[in-house]
Every structure is written in structure tokens, then in C-alpha cells.
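What follows is a short report on a single structure.
Throughout, residue positions are numbered sequentially from 1 according to the sequence presented. As a basis for the values below, the full set of heavy atoms in this structure was taken, side chains included, without hydrogen atoms, waters or symmetry mates.
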Amino acid sequence: MAETAVAGGGNVPFLWEGTDRKGKKVKGKSMAANEAAVRADLRRQGVVPSRIRKQKKGLFSGGGSITTADIAIFSRQLATMLAAGIPLVQAFEIVGNGHENAAMQKLILAVKADVEGGSALAEALAKHPLYFDDLFINLVEAGEQAGALETLLDKIATYKEKTEALKKKIKKALTYPAAVLVVAFVVTAILLIFVIPAFEDLFKGFGADLPTFTRMVIDLSFFVREKGWYIAILMGSGIGAFFYFKKRSRAMRHWLDRMTLKIPVIGSIMQKASIARYARTLSTMFAAGVPLVEALESVAGATGNIVYEIGVLQMRDEVATGQRLQQAMENSDLFPNMVIQMIAVGEESGSLDEMSAKVADFYEEDVDNAVDNLSSLLEPMIMAILGVLVGGLVVAMYLPIFKMGSVI
């Protein structure tokens, strides 16, 4: 079984089957951000995929899963020990035996065994592409050749820590309002199914017409009780179908990513996050001495948005024909003028990695501020929505009682 890796933050393992250039059936594993990235990587290898599916368990899943955060911590620990003068094999021994995650411990000790057997560290890591992507291995190889392995491992750790922090910020921006709205939906459903019928029985003894608003809420409660299962099944099927096609249809993901970028506030955050990932990955790859064309190929999969992925791949093709990166970025219409000008300065001064890092720092901080502002803006809005939903139902139930009190 062949194993490949697609560079990028937040990658997950995929199993694939297909045919190579000779028509021979092949299968393997790839580490990628999504199915589309796997397909792109396989096409570059001359493989026509017939089936791609996400692997549920990792290669070393006997005692837990291995996350990007685990790899980042491992990189930081290894860099620190090497900087302190501890030999590589001994550093692996200390980090591996001290790790609480059994799967991560097994992975580290497997790499250590290969290094002890005479393999270069980059070679040993390349045997586990589900956890160590091209960017990681290229940096390690550059560090070994330059005799500055601890410095390059420190760059890897910084890169992974920053991309993970950015990813968590984006999740926070999207998860919080979604979670509160789900709670609001559940509370409303409980009121409609269990609480309002009790008031309805009470109102039957009034012998008077109910207010229109109260009547509407009671009718809604009756509809939910009678048709609730159908509504739940329909909603569940709709959500399931959405995620099914989102996972398998590149065209749908492209449309969703494009629409996401157009959503007020949220779209701006997603755009800044993609630019930050683009700049951070470009800086790290270029600093490792990876040629620009090859670096852009890895950068495309790390942007986290298909619109930017396609744009960066087009930029790579233009750069491969002799176009300057600045001009290719202008042609893509995906980057603000400030980013393009900073990249241009980096190209002209021979400090593309430094200028890209500054762009990444700026946009990562911008995303942090945007997410905090969004959270501050959404909290009162969500509270207002909850108040209108729950308060509206409560008022509807008490209107007849108020009406009766006024008559008395």
C-alpha cells in the first residue's frame, strides 16, 4: 500500500484506491485537509482515484488519536532538548517515554528505532506521512543538511502552534453562535411539546375566545406534536444529505467556500484566515529552502478554502512559466493590495520568508481581533433571540390570564 502526504494544517488521514499510469490498480493512504486535496495530489502522481474515504482511526490508534497539537508539542520538546545539547536518540527516548498519549508514544519510539538503525531523521519521519507532512519533512531535511536541526524544528513548532491557534479561533467564531441557537431550538421544542399543552387544557375551562397570538402558539404546539417526528426526520435527512454531498462533491464545497467568503463579517474573517495560512506556510516553506513553485503547491492545500486553493495553484502555474509572485497574486484577485506590496518588497529584497511571516503575523492578529469583536457583537444578539423566542411563548400563554384578570 502506497503512502503519500499533502501538506497543510489540520490534516486528516484518507484511504484511497485507483489506477496508475500503466492501468495497474493501486491503493494507499494520504494526509490531507480534505478529499479534494487528496485527488489533486494523486493526479500529480498520475493516479486516477476510484475511491477515497476518510480513515476513522490513525496508524497508531491503539491508545488514542494523534492530533496536530501533539505533533506541535513534540516538535517544541525535541527542539528544546537539541538546543540544550541532548543527543537526538536520547531526546527521542525522553520525549517518547514521557508522553501520556500511548499512540504518540508508539509513534515517537518507532521513529527513534529507525534513527538508531542509521536512518536520517527526515527519512524516519517520511515513513509516517499521516503525521509528518511534506512541509515537516522538508524542514527537517534542510535542518539536517545545514546542521541547524533545532532551529528548523523550532520553526515547525511555531508554524503548527500558530496554525492550530488560528483554527481554534475560527472554530470559536462559528461554534458559539451555532451552539446557542441549538439550545434555543431545543428549549423552544420542549416548551411547545410539554409546557404549552398543559396551558391549553387550562384554557379549555375558560369558556372564552383566546387571544390571536395565544391561539397561534397553541396551533403551532399541536402541529409540532402531531408532525414533529416527520419534521425531525426531514431535518435530519436534510442535514445528513448536506454533509454527505459536502464531503464528496468538490463543486458543492467550492460553492460553499465561495458563498462563505461573501457572508458579512464571517466572510471577512474566513478571508483573513486563508491569507494568514497562505503567508505562514509560504514563509515556513521558503525559509527551509524549498523552491517557490514547489512551496506554492503545498501552500495551496494549507489555505483551508477551495477558492484560495484553486487561486494559489493557478499562481503556481504562472510562477512556473517565469511570472513574478507579485504579479501572479495580482492576477488572482484574492489578496489585498497591502499583502501584494509586502510580497513584492520581499521578492525584490530577497527576504520573501520574512515579509510573508510579517503578513501572517498581521492577519493572525487581525483574525483574533475580528473573532473577539464578533463574539462581543453576537452575545447580545443571541440573548435577544433567546428572549424573543422563550419570552414570546411565555407571554402568549399568560395573555388569556391577563385578559381574564382585566375582565374581573
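Across L389 and A184, no two heavy atoms sit closer than the pair CD1-CB, 4.1 Å. Pairing each heavy atom of A157 with each of A72, the nearest pair is CB-O, 3.9 Å. Among all heavy-atom pairs drawn from P49 and R39, the shortest one is CG-NH1, 3.6 Å. Taking every heavy atom of both residues into account, T303 and S274 meet most closely at O-OG, 3.3 Å. Taking all atoms of both residues into account, the shortest heavy-atom contact from V140 to A122 is CG1-N, 3.8 Å.
Interatomic distance, L82 CG to D154 CG, rounded to the nearest 0.5 Å: 11.0 Å. Taken to the nearest 0.5 Å, the CD1 atom of I73 stands 7.0 Å off from the CD atom of Q77. Rounded to the nearest 0.5 angstrom, I108 CD1 and H128 NE2 are separated by 11.0 Å. A distance of 10.5 Å separates CD1 in I190 from CZ in F185, rounded to the nearest 0.5 Å. Here M104 contributes atom CE and L109 contributes atom CG; the two are 10.0 Å apart, rounded to the nearest 0.5 Å. Annotation: the span from L42 atom CG to S50 atom OG amounts to 10.0 Å, rounded to 0.5 Å.
A heavy-atom distance below 4.5 Å is not found between the side chains of E17 and V26. A 4.5 Å side-chain heavy-atom check between R250 and W255 finds every atom pair outside the cut-off. You'll find the side chain of Q341 stays beyond 4.5 Å of the side chain of V345, heavy atoms only. In this structure, the side chains of L121 and V111 come closer than 4.5 Å at one or more pairs of heavy atoms. With contacts defined as side-chain heavy-atom distances shorter than 4.5 Å, the pair Q314/S332 does not qualify. Looking at heavy atoms from C-beta onward, P336 lies in side-chain contact with Y363 at the 4.5 angstrom threshold. With a 4.5 Å cut-off on side-chain heavy atoms, E144 and L152 do not count as touching. Contact of the F223 side chain with the L192 side chain is not registered, since no non-hydrogen atoms from C-beta on lie closer than 4.5 Å.
Side-chain N or O atoms of S237 include one that pairs as donor or acceptor with a backbone N or O of I233 at under 3.5 Å. Side-chain atoms of T163 come within 3.5 Å of backbone N or O of K160 as a donor-acceptor pair. Distance alone, capped at 3.5 Å, places no donor-acceptor pair between the S351 side chain and the E354 backbone.
Residues F199 and Y398 place their aromatic rings such that the two centres sit under 6.0 Å apart. Between F92 and F74, the ring centre distance stays below 6.0 Å.
Aromatic ring pairs are classed by plane angle as parallel below 30°, tilted from 30° to 60° and perpendicular above 60°; the pair Y278 and F335 is tilted.
Checking T260 against D257 by side-chain atom types alone, no donor-acceptor pair falls below 3.5 Å. Remark: the N305 side chain and the E309 side chain contain no N/O donor-acceptor pair separated by less than 3.5 Å.
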Next item on the list: Could you give me the CA-CA distance, side-chain angles and deciding distance for T67 and D70, then say whether side chain to side chain donor-acceptor pair (under 3.5 Å) is met?
Entry: CA-CA 5 Å; T67 65; D70 289 327; 3.2 Å; yes
Check: So M315 and L325, side-chain contact (heavy atoms from CB on, under 4.5 Å) or not? Walk me through it.
Finding: CA-CA 7 Å; M315 287 161 49; L325 179 58; 3.8 Å; yes
Next item on the list: Mind running salt bridge (charged side-chain N to carboxylate O under 4.0 Å, His left out) on R76 and E161 for me, showing each step along the way?
Entry: CA-CA 9 Å; R76 179 66 67 200; E161 287 164 358; 2.8 Å; yes
Next item on the list: Take V293 and D317 through the test side-chain contact (heavy atoms from CB on, under 4.5 Å) and record every step on the way to the result.
Entry: CA-CA 8 Å; V293 174; D317 294 339; over 6 Å; no
Note to self: Evaluate E330 against R324 for salt bridge (charged side-chain N to carboxylate O under 4.0 Å, His left out), listing each step before the verdict.
What the structure shows: CA-CA 10 Å; E330 285 181 0; R324 290 185 62 186; over 6 Å; no
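More than 12 heavy atoms of other shown residues, nucleotides or ligands fall within 6.0 angstrom of atom NZ in K112. Heavy-atom neighbours of M381 CE from other residues, nucleotides or ligands within 6.0 Å: at or below the threshold of 12. Around atom CD of Q323, more than 12 heavy atoms belonging to other residues, nucleotides or ligands sit under 6.0 Å away. In this structure, M259 places its CE atom where more than 12 heavy-atom neighbours from other residues, nucleotides or ligands lie under 6.0 Å away.
Among L313, I275, V299, the one residue that satisfies the side chain to side chain contact (heavy atoms under 4.5 Å, CB included) test with Y308 is I275. When each of K168, R280, K272, R277 is paired with E364, the salt bridge (charged side-chain N to carboxylate O under 4.0 Å, His left out) condition holds for R280 and for no other.
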